[in-house]
Amino acid sequence: KLCDFDGYKDFYSDENMLELKQFMDCFMKGEKNGWENTSRVRMLVMDFGGEDIKNREEKEFPLQRQQPLSLFLNASDMSMKTEIPAYESQRSYNSEHKEEKIFFVYEFDSETELSGFSKLKLWLSTDSNNDMDIFVEMGKMDGAGNRLNHNNYFGPNSKLRISHRAIDTEKSTE
């Protein structure tokens, strides 16, 4: 067995590790092993609680047929909405207490696939320091509000030290 890690089984399965070796042999060693005929874009669509779609071939990425969705955080009711809130609101918490977090919720009205990039734009401030770290996670919850996971994967996450927030306008796009 190449990998026996219990966490990301879909990512580190024996099948996927052997495929990665084939990819490396083709492009690093120049071996003609058939990998060059593999579709340029293949996706794993994880279905929390359902059947995953593995190695779905696509012509491009991001997908041309995807429909961008802009959501706006509303601190007054801790929701995300498709329209800009009528008035400014804010939330604060004590970051010294590990259990204190802020959650914003959006409820889809039908089954929805989330594929592609996500982006978050925030305005932050701190009363007592000149720097901070921010941790953002996008995840799925069931109807009762319990976090769902997929082989210990909850969803995309990001960490940023605010002082490192500079944007390279040459490389960054919408």
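Owing to the predicted nature of the structure, the values given are computational and were not obtained by experimental measurement.
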Heavy-atom neighbours of [X] [atom1] exceed 12 at 6.0 Å:
X: F108; atom1: CZ; result: yes
X: N130; atom1: CG; result: no
X: E88; atom1: CD; result: no
X: I84; atom1: CD1; result: no
X: E99; atom1: CD; result: yes
X: E100; atom1: CD; result: yes
X: D127; atom1: CG; result: no
X: E60; atom1: CD; result: yes

Problem - Note, S95 side chain near M132 side chain (heavy atom, < 4.5 Å) - result: no
Handout entry: Side-chain heavy-atom pair K59, V41 within 4.5 angstrom cut-off
Key =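 Not in contact.
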Roughly how far apart are [X] [atom1] and [Y] [atom2], rounded to 0.5 Å?
X: E36; Y: K32; atom1: CD; atom2: NZ; answer: 5.0 Å
X: F23; Y: M28; atom1: CZ; atom2: CE; answer: 8.5 Å
X: L148; Y: K140; atom1: CG; atom2: NZ; answer: 6.5 Å
X: M78; Y: N74; atom1: CE; atom2: CG; answer: 9.0 Å
X: T38; Y: E57; atom1: OG1; atom2: CD; answer: 8.0 Å
X: L71; Y: M80; atom1: CG; atom2: CE; answer: 5.5 Å

Identify whether [X] and [Y] are in the same connected component of the hydrophobic contact network (ILVMFWY, side-chain heavy atoms under 4.5 Å).
X: I162; Y: V136; answer: yes
X: L160; Y: M138; answer: yes
X: L124; Y: F135; answer: no
X: V105; Y: L120; answer: no
X: F117; Y: M43; answer: yes

Donor-acceptor contact below 3.5 Å, side chain [X] vs main chain [Y]:
X: D52; Y: D47; result: yes
X: N129; Y: D131; result: no
X: D142; Y: N146; result: yes
X: T112; Y: S110; result: yes

Heavy atoms only: give me the nearest [X]-[Y] pair and the separation to one decimal.
X: S79; Y: D77; value: OG-OD1, 2.5 Å
X: S89; Y: A75; value: OG-N, 3.1 Å
X: G34; Y: Q22; value: C-NE2, 4.5 Å
X: G145; Y: M141; value: O-SD, 3.7 Å
X: L73; Y: P85; value: O-CG, 3.6 Å

Problem - Steps toward side chain to side chain contact (heavy atoms under 4.5 Å, CB included) verdict (L69, T82) - result: CA-CA 8 Å; L69 176 64; T82 54; 3.8 Å; yes
Quick one: do [X] and [Y] make a salt bridge, cutoff under 4.0 Å?
X: E137; Y: K159; value: no
X: E107; Y: K81; value: no
X: E58; Y: R65; value: yes
X: E113; Y: R56; value: yes

Handout entry: Y106 and F104 aromatic centres sub-6.0 Å
Key = no
